[in-house]
Asker: 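One structure, pasted below without further comment.
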Amino acid sequence: MNAELILSEHIAAIVNTLYGLQTEPQSVVLQKTKKEFEGDLTLVVFPYVKASKAGPEQTAQQIGEALKARCADVHAFNVVKGFLNISFTDAFWLQTLKNMAATKHFGTKAAGSSGKTIMLEYSSPNTNKPLHLGHIRNNLLGYSVSQLLKTQGHHVIKANLVNDRGIHICKSMLAWKKFGNGETPKSSGMKGDHLVGKYYVEFDKAYKREIQELIAAGQSKEEAEKNAPMMKETQDMLRQWEAGDTATIDLWKTMNGWVYEGFTQTYNMLGVDFDKMYYESNTYLLGKELVQDGLAKGVFYKKEDGSVRIDLSKEGLDEKVVLRSDGTSVYITQDLGTAIERFKEFPELNQLIYTVGNEQDYHFKVLFKILEKLGYAWAKECYHLSYGMVELPEGKMKSREGTVVDADDLIHVMIQTARETTEQLGKTEGLAEHELQHLYITVGLGALKYFILKVDPKKKMLFDPKESIDFNGHTGPFIQYTHARICSILRKAESLFSTFEVNTSLTLHARERELIRSLYEFPAVLSEAANGYNPGLAANYIYELTKLFNQFYHDCPVLKEENEAIRKLRLSLSETTANVIKTGMNTLGIDVPERM
RNA sequence: GGUCCGGUAGCUCAGCUGGAUAGAGCAGCUGCCUUCUAAGCAGCAGGCCAUUGGUUCGAAUCCAAUCCGGAUCACCA
């Protein structure tokens, strides 16, 4: 029942007999007919004019006539220049709708049906400061891609590798010890991650003061940065941590605990979750033994200074250190170790995806190349889901300059705006208080998530805090609103009519046909979005579909339609549209309300 | 400097495996609520697809060069 498949088989056969070609059906290129022309699918006939020894119009005419003669689903065709526009019969589209309406979870493949297991790592925050807008993009993207992969029948393990150790955490710890006076989230009323973030800023202030003093005392900037007591103490603290000093470890656990409580709240608001938590404090030593392995295999080599390196200059990359001269490992060593560990832990793993910003493109190139050189066959199944930075009108967000857009603040503003808008419109009488609260969250976050996910992940995106995120037009709430409208019809219809059946001998209204055609594309869109790791494709499709529904809604009465068969068709069409909107938005992690 | 990514309406973005007159939304202007939710629908206006050359029946799309912006090239993570 696939429109493209039907046509391409017939067309291949036609051009082969007519023009003596040997065209495969797969190589017949069809495209959606442009809106301003009559038709469903369009064949560009230029590739065949040489063989047909006729002009483009004539060739198109010939193919069109042959097609209509041999394919019962083809209703009509027209030729514009070299373009053959083909229309299917209404019966074909009605049958298509009937099938879609009868398919449970239309557009998605059954869970686990692909037999593929994919680990997708995302979020991976540092525990020294709260989440900001950049993390939001990461979280939403990672979660959405995991949802998209699931629609293709893959088993997905969502993983979060928390960077819970290192010099930056020690900075917050040191500042808290020095200036904190025992402050806790409880005593301050602050969310734990924000409290720890506050001391990270405190550290920076104190550190900068010390540097200024040392410079004033005659040291160079570099010397001052190295010699500042705050920095020395932090490094001491890191050493104590690594040595397992009880007091340091206790403080570390306490403060990380605060951060986790805060993160959990933010994750819950964003509606993202994880199947597997990893902590760098457990994994940072991984990968060291691998260095021996790499040396033995001749992949790595040891320099005179004792450091171990790999030369990737032949691959167009540089020389990369994998073990410092003091024998400690660097970031990439850990990453090598954890990757290998994960394939050991999950032998069924087919793919490993890292959701990390494009500033680390180079890092992942090197990482995957080293894994390949070490002889791991799965190295080619590692993928860097790289995304662009979120920028402000002034440029990049800089935490030190206080220009970051805080995740919790932004979420709060979105929910607040959703409340104000909803109250202004006043369409929610009868909803209980907890339902209203839920609605504000759904709409506020719907706006935020859609705003971020509709943009191609690869591209950097701009966020202007002065212009709040819209609720009209190409937005999440527009789509949610349409869904609520459909639900309203369906609620009323339920009490009136029992079944929404499709009579395939009806004549379609142009709006109906457009809508069915759009619904029909849904499975292909989901698979394309999943294969390209691009939620933006799904987001833009849902918007197009929603716009079409609103036109249909405007032009075609549903409940008020007097012809029963047409009314039932429209109800079925409405219901299928609502399902597709819901399923589609679900891949974006966006909930759709039944009333708003 | 090497490598990589990007440059489409005033603004934010689609379109990029070559196809018809380059699309949306916002902002601006104009209509449409006694009729299934106006968070909607319809319309007007807005463009040298950074520039130049090439490939061909055809280029926003592919190639090259140039200009502009960003990232990266740590014994940081």
Side-chain angles (χ1 to χ4, degrees), chain A residues 29 31 33-37 42 44-47 49-50 56 80-83 85 124 126 163 165-168 280 284 303 305-309 316-332 334-335 357-363 365-366 386 388-389 391 393 395-396 418 421-422 424-425 427-428 443 447 451 454-456 458-464 467 469-482 484-493 536-537 539-540 543-544 546-547 549-551 553-561 570-571 574 595-596:
Chain A
V29 182
Q31 53 186 284
T33 302
K34 295 235 173 201
K35 241 193 140 174
E36 53 270 37
F37 302 101
T42 295
V44 183
V45 300
F46 290 108
V49 297
K50 216 172 261 172
V80 181
K81 292 192 255 177
F83 299 86
N85 301 318
S124 303
N126 290 356
N163 185 2
R165 51 139 251 130
I167 196 84
H168 44 287
E280 270 194 30
Y284 79 107
K303 266 211 159 173
D305 59 9
S307 64
V308 179
R309 303 170 183 233
L317 304 167
D318 294 306
E319 186 183 64
K320 182 82 191 169
V321 170
V322 294
L323 203 65
R324 294 190 187 106
S325 45
D326 66 2
T328 57
S329 56
V330 292
Y331 183 55
I332 202 155
Q334 297 175 45
D335 268 0
N358 63 9
E359 53 200 354
Q360 293 198 40
D361 283 355
Y362 179 77
H363 171 77
K365 261 189 204 164
V366 172
S386 166
M389 297 290 107
E391 291 182 6
K396 258 188 97 171
T421 309
T422 307
Q424 247 167 46
L425 292 169
K427 298 178 185 177
T428 51
V443 174
F451 177 82
K454 76 173 181 191
V455 181
D456 186 334
K458 287 196 297 291
K459 296 192 180 177
K460 65 167 190 243
M461 62 177 294
L462 191 115
F463 176 80
D464 189 346
E467 286 178 32
I469 293 174
D470 242 296
F471 282 53
N472 297 318
H474 188 181
T475 67
F478 168 84
I479 294 163
Q480 291 173 319
Y481 171 72
T482 305
R485 264 176 153 188
I486 300 176
C487 287
S488 171
I489 293 180
L490 297 177
R491 265 196 307 276
K492 288 173 184 164
L537 295 178
N540 283 300
Y543 173 66
E544 294 299 332
T546 302
K547 234 177 12 167
F549 184 86
N550 279 320
Q551 291 167 350
Y553 180 93
H554 187 265
D555 295 349
C556 303
V558 180
L559 296 169
K560 298 215 166 88
E561 172 57 46
R570 289 182 180 168
L571 281 167
S574 302
R595 285 189 59 186
M596 68 184 273

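By convention in this document, chain letters (A, B, ...) are assigned in the order of the sequence lines, proteins followed by strands, and residues within each chain are numbered from 1. These numbers were taken from a predicted model, which means no experiment stands behind them.
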Asker: Could you measure between the two P atoms, the one in B:rG58 and the one in B:rC67, and give it in whole Å?
Answerer: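 About 30 Å, rounded to a whole number of Å.
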Asker: When you compare B:rG43 with B:rC49, how far apart are their C1' atoms, in angstrom units rounded to a whole number?
Answerer: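 Going atom to atom, C1' in each nucleotide, I get 26 Å.
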Asker: Among B:rU37, B:rA14, B:rC4, which nucleotide has an atom closest to any side-chain atom of A:Tyr553?
Answerer: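 Closest of the options to the side chain of A:Tyr553: B:rU37.
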Asker: Would you compute the distance between atom OG1 of A:Thr546 and atom CD of A:Gln480 and round it to the nearest 0.5 angstrom?
Answerer: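 A:Thr546 atom OG1 to A:Gln480 atom CD measures 10.5 Å (nearest 0.5 Å).
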Asker: Rounding to an integer number of angstrom, what distance separates B:rC36 and B:rU17 when you compare their P atoms?
Answerer: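 That atom pair is separated by 45 Å.
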Asker: Base, sugar-phosphate or nothing for A:Tyr543? Non-hydrogen atoms, less than 4.0 Å.
Answerer: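 If one applies the 4.0 Å heavy-atom cut-off, A:Tyr543 turns out to touch the sugar-phosphate alone, with no base involved.
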Asker: Answer yes or no: is there a donor N or O on one side and an acceptor on the other, between the side chain of A:Ser307 and the main chain of A:Lys303, under 3.5 Å?
Answerer: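 A pair under 3.5 Å: no.
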Asker: Rounded to the nearest angstrom, tell me the gap between atom NZ in A:Lys365 and atom C1' in B:rA71.
Answerer: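 For the pair A:Lys365 NZ and B:rA71 C1', the rounded distance is 11 Å.
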Asker: Heavy atoms under 4.0 Å, any strand shown: does A:Cys487 hit a base, just sugar-phosphate, or nothing?
Answerer: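 Nothing: the residue A:Cys487, judged by heavy atoms under 4.0 Å, touches no strand.
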Asker: Hey, does A:Asp464 reach any base, or is it just sugar-phosphate, or nothing, if we go heavy atoms under 4.0 Å?
Answerer: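 It contacts nothing in the nucleic acid.
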Asker: On a whole-Å scale, what distance lies between the P atoms belonging to B:rC32 and B:rA38?
Answerer: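 Each nucleotide's P atom is 16 Å from the other's.
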Asker: For the atom pair CE (A:Met596) and CZ (A:Arg485), what is the distance rounded to the nearest 0.5 Å?
Answerer: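 Rounded to the nearest 0.5 Å, the CE-CZ separation comes out at 11.0 Å.
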Asker: B:rU37, OP1 or OP2 - any side-chain N/O from A:Ser488 closer than 4.0 Å?
Answerer: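 Checking A:Ser488 against B:rU37: at least one side-chain N or O falls below 4.0 Å of OP1 or OP2.
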Asker: Does A:Asn358 put a side-chain nitrogen or oxygen below 4.0 Å from OP1 or OP2 of B:rA71?
Answerer: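 The answer is no; no side-chain N or O of A:Asn358 sits under 4.0 Å from OP1 or OP2.
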Asker: Would you say A:Arg570 places a side-chain N or O within less than 4.0 Å of OP1 or OP2 belonging to B:rC36?
Answerer: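 Negative; the distance criterion is not met.
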Asker: Closest approach to the side chain of A:Val44, judged atom by atom: which nucleotide of B:rC13, B:rC41, B:rG19 is it?
Answerer: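 Comparing B:rC13, B:rC41, B:rG19 against the side chain of A:Val44, the answer is B:rG19.
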Asker: Are the side chains of A:Asn358 and A:Met389 in contact, using a 4.5 Å heavy-atom criterion?
Answerer: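 They are in side-chain contact.
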Asker: What's the closest nucleotide to the A:Val455 side chain, out of B:rA14, B:rA71, B:rA38?
Answerer: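 Out of B:rA14, B:rA71, B:rA38, the nucleotide with an atom closest to A:Val455's side chain is B:rA14.
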Asker: Would you say B:rG25 has OP1 or OP2 under 4.0 Å from some side-chain N or O of A:Lys547?
Answerer: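 The answer is no; no side-chain N or O of A:Lys547 sits under 4.0 Å from OP1 or OP2.
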Asker: Looking at the side chain of A:Tyr362, which of B:rA20, B:rC73, B:rA77 is the nearest nucleotide?
Answerer: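 When the side chain of A:Tyr362 is considered, B:rC73 is the closest of B:rA20, B:rC73, B:rA77.
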Asker: Could you tell me how far B:rA24 sits from B:rU35 if I compare only their C1' atoms? Round to whole Å.
Answerer: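 To the nearest whole Å, 29 Å.
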Asker: Please measure how far the C1' atom in B:rG28 lies from the corresponding atom in B:rU52, and state the result in whole Å.
Answerer: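 B:rG28 and B:rU52 have their C1' atoms separated by 36 Å.
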Asker: Quickly work out the A:Asp470 CG to B:rG25 P distance and round it to whole Å.
Answerer: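 Roughly 12 Å, once rounded to whole Å.
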Asker: Go nucleotide by nucleotide along RNA chain B from the 5' end; which of A:Gly306 and A:Thr33 gets its closest nucleotide reached first?
Answerer: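 This one resolves to A:Thr33.
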Asker: Rounded to whole Å, how long is the line connecting atom NZ of A:Lys35 with atom C1' of B:rA24?
Answerer: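 Rounded to the whole Å, the gap is 11 Å.
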Asker: Tell me which nucleotide among B:rG15, B:rU3, B:rA20 gets nearest to the side chain of A:Leu537.
Answerer: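 Given the options B:rG15, B:rU3, B:rA20, the side chain of A:Leu537 is closest to B:rG15.
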Asker: Quiz question: by atom type and distance under 3.5 Å, do the side chains of A:Asn550 and A:Thr482 form a donor-acceptor pair?
Answerer: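 The answer is yes; a qualifying pair exists.
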Asker: Respond yes when some side-chain nitrogen or oxygen of A:Gln551 is under 4.0 Å from OP1 or OP2 of B:rA42, and no when none is.
Answerer: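 Answer is yes, contact under 4.0 Å.
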Asker: For a quick check, tell me whether the side chain of A:Asn85 and the base of B:rA20 share a donor-acceptor pair closer than 3.5 Å.
Answerer: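 Such a pair is found, so the answer is yes.
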Asker: Given B:rA20, B:rG70, B:rG40, which nucleotide is nearest the side-chain atoms of A:Glu391?
Answerer: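 Of the options given, the side chain of A:Glu391 lies nearest B:rG70.
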Asker: Quantified in whole Å, what is the C1' atom distance between nucleotide B:rA9 and nucleotide B:rC26?
Answerer: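 To the nearest whole Å, 12 Å.
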Asker: So A:Thr42 and A:Phe37, side chain to side chain contact (heavy atoms under 4.5 Å, CB included) or not? Walk me through it.
Answerer: CA-CA 10 Å; A:Thr42 295; A:Phe37 302 101; over 6 Å; no
Asker: Taking A:Arg570's backbone N and O only, do any of them form a donor-acceptor pair with A:Ser574's side chain (distance below 3.5 Å, no angle check)?
Answerer: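 Yes.
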Asker: Between A:Ile332 and A:Glu544, just flag the one whose closest nucleotide in RNA chain B comes earlier from the 5' side.
Answerer: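 This one resolves to A:Glu544.
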Asker: Give the nucleotide from the list B:rU37, B:rG40, B:rC36 with an atom nearest to the side chain of A:Phe478.
Answerer: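 Minimum distance to the A:Phe478 side chain belongs to B:rG40.
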Asker: Does the structure show a Watson-Crick or G-U wobble partner for B:rU12, both distances under 3.5 Å? Name it, or say none.
Answerer: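 Paired with B:rA24.
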Asker: Which distance, rounded to the nearest 0.5 Å, do you find between the CG of A:Leu571 and the NZ of A:Lys492?
Answerer: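 Between atom CG of A:Leu571 and atom NZ of A:Lys492 there are 12.5 Å.
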Asker: Take the protein atom CG of A:Asp326 and the nucleotide atom P of B:rA74, then report the distance between them rounded to whole Å.
Answerer: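 That distance rounds to 18 Å.
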Asker: Would you say A:Lys460 reaches B:rG70's phosphate, i.e. side-chain N/O to OP1/OP2 under 4.0 Å?
Answerer: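 Answer no for this pair, as no side-chain N or O of A:Lys460 is under 4.0 Å from OP1 or OP2.
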Asker: After noting the C-alpha distance and the side-chain angles of A:His474 and A:Asn540, does the key distance pass the side chain to side chain contact (heavy atoms under 4.5 Å, CB included) rule?
Answerer: CA-CA 9 Å; A:His474 188 181; A:Asn540 283 300; 3.1 Å; yes
Asker: Classify A:Leu462 by what it touches in the nucleic acid, base, sugar-phosphate, or nothing, heavy-atom distance under 4.0 Å.
Answerer: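 Contact class for A:Leu462: sugar-phosphate only.
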Asker: Does the side chain of A:Lys459 get closer than 4.0 angstrom to OP1 or OP2 of B:rA14 through an N or O atom?
Answerer: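 Yes, such a contact exists.
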Asker: Stacking between A:Phe46 and the base of B:rG58 (centre distance under 5.5 Å, interplanar angle under 30°)?
Answerer: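 No, A:Phe46 does not stack on the base of B:rG58, since the centre distance and plane angle fail the 5.5 Å and 30° test.
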Asker: Describe the nucleic acid contact of A:Ser386 in one word from base, sugar-phosphate, nothing, applying a heavy-atom distance below 4.0 Å.
Answerer: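 Counting heavy atoms under 4.0 Å across all strands, no contact is made by A:Ser386.
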Asker: Within the structure shown, what part of the strands sits under 4.0 Å from A:Thr328 by heavy-atom distance: base, sugar-phosphate, or nothing?
Answerer: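 No contact.
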Asker: Taking the minimum atom-to-atom distance to the side chain of A:Glu280, which one of B:rA77, B:rA38, B:rC13 wins?
Answerer: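 For A:Glu280, the side-chain atoms sit closest to B:rA77.
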Asker: Please measure how far the P atom in B:rG18 lies from the corresponding atom in B:rA27, and state the result in whole Å.
Answerer: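 The same atom, P, in both gives a distance of 37 Å.
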Asker: Which of these nucleotides, B:rG15, B:rU12, B:rA14, is closest to any side-chain atom of A:Asn540?
Answerer: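 Within the option list, the nearest is B:rA14.
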Asker: Can B:rC48 be described as syn, meaning its chi torsion is within 90° of 0, or is it anti?
Answerer: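 Anti conformation for B:rC48.
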Asker: Under 3.5 Å for both donor-acceptor distances, Watson-Crick or wobble: does B:rU55 have a partner, and if so which one?
Answerer: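 Across all strands, not a single nucleotide pairs with B:rU55.
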Asker: Between B:rU3, B:rA77, B:rC26, which one does the side chain of A:Asn163 approach most closely?
Answerer: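 Closest nucleotide to the A:Asn163 side chain: B:rA77.
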Asker: Run A:Phe471 and A:Tyr481 through ring pair (Phe, Tyr, Trp, His ring centres under 6.0 Å) and show every step you take.
Answerer: CA-CA 10 Å; A:Phe471 282 53; A:Tyr481 171 72; over 10 Å; no
Asker: Quick one: A:His554 NE2 to B:rG31 P, roughly how many Å, whole number?
Answerer: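 Distance, rounded to whole Å: 16 Å.
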Asker: Who does B:rG40 pair with, Watson-Crick or G-U, both distances under 3.5 Å?
Answerer: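 B:rG40 is paired with B:rC32.
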Asker: Atom NE2 of A:His474 to atom P of B:rG40: distance rounded to whole Å?
Answerer: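 After rounding, the gap between these two atoms is 12 Å.
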Asker: Is there a Watson-Crick or G-U wobble partner for B:rC4 with both distances under 3.5 Å, and if so, which one is it?
Answerer: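 With both distances under 3.5 Å, B:rC4 matches B:rG70.
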Asker: Separation of A:Glu359 atom CD from B:rG69 atom C1', in whole Å?
Answerer: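 Spelled out: CD on A:Glu359 to C1' on B:rG69 is 17 Å.
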Asker: Would you check if A:Phe83 stacks with the base of B:rA20, given a 5.5 Å centroid limit and a 30° plane limit, both strict?
Answerer: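 Ring-base stacking flag set for A:Phe83 and B:rA20.
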